[in-house]
Enquirer: 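For reference, the structure I am asking about is given below.
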Protein chains: 2
Amino acid sequence: MRMHNPPHPGEVLRELCLKPLELSVSEAARALGVSRKTLSAILNGRAGISPEMAIRLSIAFDTSAESWLNQQTQYDLWAAEKRRKSLRVERLAA
Amino acid sequence: MRMHNPPHPGEVLRELCLKPLELSVSEAARALGVSRKTLSAILNGRAGISPEMAIRLSIAFDTSAESWLNQQTQYDLWAAEKRRKSLRVERLAA
DNA sequence: CGTAGTGTAACGTTACGAGTTACACTCGAC
DNA sequence: GTCGAGTGTAACTCGTAACGTTACACTACG
């Protein structure tokens, strides 16, 4: 029902924002007001997009903070679903 | 454009899930497989709904994990927006 | 060769989700 | 009025995530 392997939002960020503007990671990080390491981690899928980062992206690229966070939510949910069967939960509603 | 004060998801959880089934916090926490404190914190808005908790809720109440996480995202974003003006970010796209 | 851009490892700080234990409060039953 | 259940919550631990700085190794290019 859900995607099998949604791209992490960092991948999308690189393709849709940095690439078209020919921005280096260093330049983009400086503009966003975060460290180069922080942005690099996001771009390479080793960190997620926090609410604050979503707002930074919305300012810098004139996009919707919500869309970035929703992408992140989808990705987090997909990752968490892999552990669904290990959760011991009783059903409370029909 | 966005709601001024979205309820935290815990409030919704209490009203839409616990109340109708007349579940105590202790009962619900046991069924969900988390501590009473953990559930209490969520219900009282002192903790958010994590991806794992969203899946627990989806199992227990036969709901959509996505909807819980989206509610949480909206709430987090609303909270983060309050700090938008304190972020020093350059605009990179028209 | 030297410089720029990049990935990333190591370190610290702050914060949060989750757990346990323990205490104070409310409230209904006896 | 006393007792117990349910509840909120404080104190503490653990693991992890986001952010920062510094430093190193790699690639590519003038």
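Lettering of chains follows the sequences in order, A, B, ..., and the numbering in each one begins at 1.
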Enquirer: CD of B:Glu52 versus P of C:dC16: gap in Å, rounded?
Expert: 18 Å
Enquirer: Is there a residue in residues 20-35 of chain B whose heavy atoms reach under 4.0 Å of DNA chain C, and which residues are they?
Expert: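 Heavy-atom cutoff 4.0 Å gives B:Gly33, B:Val34, B:Ser35.
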Enquirer: Taking for each residue the nucleotide of DNA chain C bearing the nearest heavy atom, is the 5' side occupied by B:Arg36 or by B:Arg56?
Expert: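 Result: B:Arg56.
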Enquirer: So does A:Arg36 get a backbone contact from the side chain of A:Ser40, meaning a donor-acceptor N/O pair under 3.5 Å?
Expert: no
Enquirer: What is the distance from CG of A:Leu87 to C1' of C:dG19, rounded to the nearest Å?
Expert: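 Answer to the nearest Å: 15 Å.
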Enquirer: Side chains of B:Phe61 and B:Leu18: closer than 4.5 Å at any heavy-atom pair?
Expert: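 Touching, per the 4.5 Å side-chain cut-off.
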Enquirer: Ignoring hydrogens and geometry beyond distance, is a side-chain donor-acceptor pair present between A:Ser58 and A:Thr63 at under 3.5 Å?
Expert: no
Enquirer: Quick check against the 3.5 Å criterion: does B:Arg56 have a side-chain atom that pairs as donor or acceptor with the backbone of B:Leu32?
Expert: yes
Enquirer: Rounded to whole Å, how long is the line connecting atom CG of A:Asp76 with atom C1' of C:dC16?
Expert: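 It is 14 Å, rounded to the nearest whole Å.
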Enquirer: Can you pull the contact range of chain B along DNA chain D, 5' to 3', using atoms under 4.0 angstrom from its heavy atoms?
Expert: D:dG6 to D:dA11
Enquirer: For B:Asn44 and C:dC16, what is the distance between atoms CG and P respectively, to the nearest whole Å?
Expert: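 Those two atoms, CG and P, are 16 Å apart.
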Enquirer: Between B:Arg84 and B:Glu81, does any side-chain N to carboxylate O distance fall below 4.0 Å?
Expert: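 Yes, charged N to carboxylate O under 4.0 Å.
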Enquirer: Any base atoms under 4.0 Å from A:Ser40, or only sugar-phosphate, or nothing? Heavy atoms, all strands.
Expert: base
Enquirer: Apply salt bridge (charged side-chain N to carboxylate O under 4.0 Å, His left out) to residues A:Arg30 and A:Glu27 and explain how you reach the verdict.
Expert: CA-CA 5 Å; A:Arg30 190 165 3 94; A:Glu27 286 173 321; 5.3 Å; no
Enquirer: Under 3.5 Å, is there a donor-acceptor pair between the side chain of A:Lys37 and the main chain of A:Val34?
Expert: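 Judged by distance alone, no pair lies under 3.5 Å.
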Enquirer: Begin with the C-alpha distance, continue with both residues' side-chain angles, and end with the deciding distance and a verdict on side chain to side chain donor-acceptor pair (under 3.5 Å) for B:Asp76 and B:Gln72.
Expert: CA-CA 6 Å; B:Asp76 291 344; B:Gln72 186 63 50; 2.9 Å; yes
Enquirer: Name the residue closer to the 5' end of DNA chain C, choosing between B:Lys37 and B:Ile49 according to the nucleotide with the nearest heavy atom.
Expert: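 Upstream on the strand: B:Ile49.
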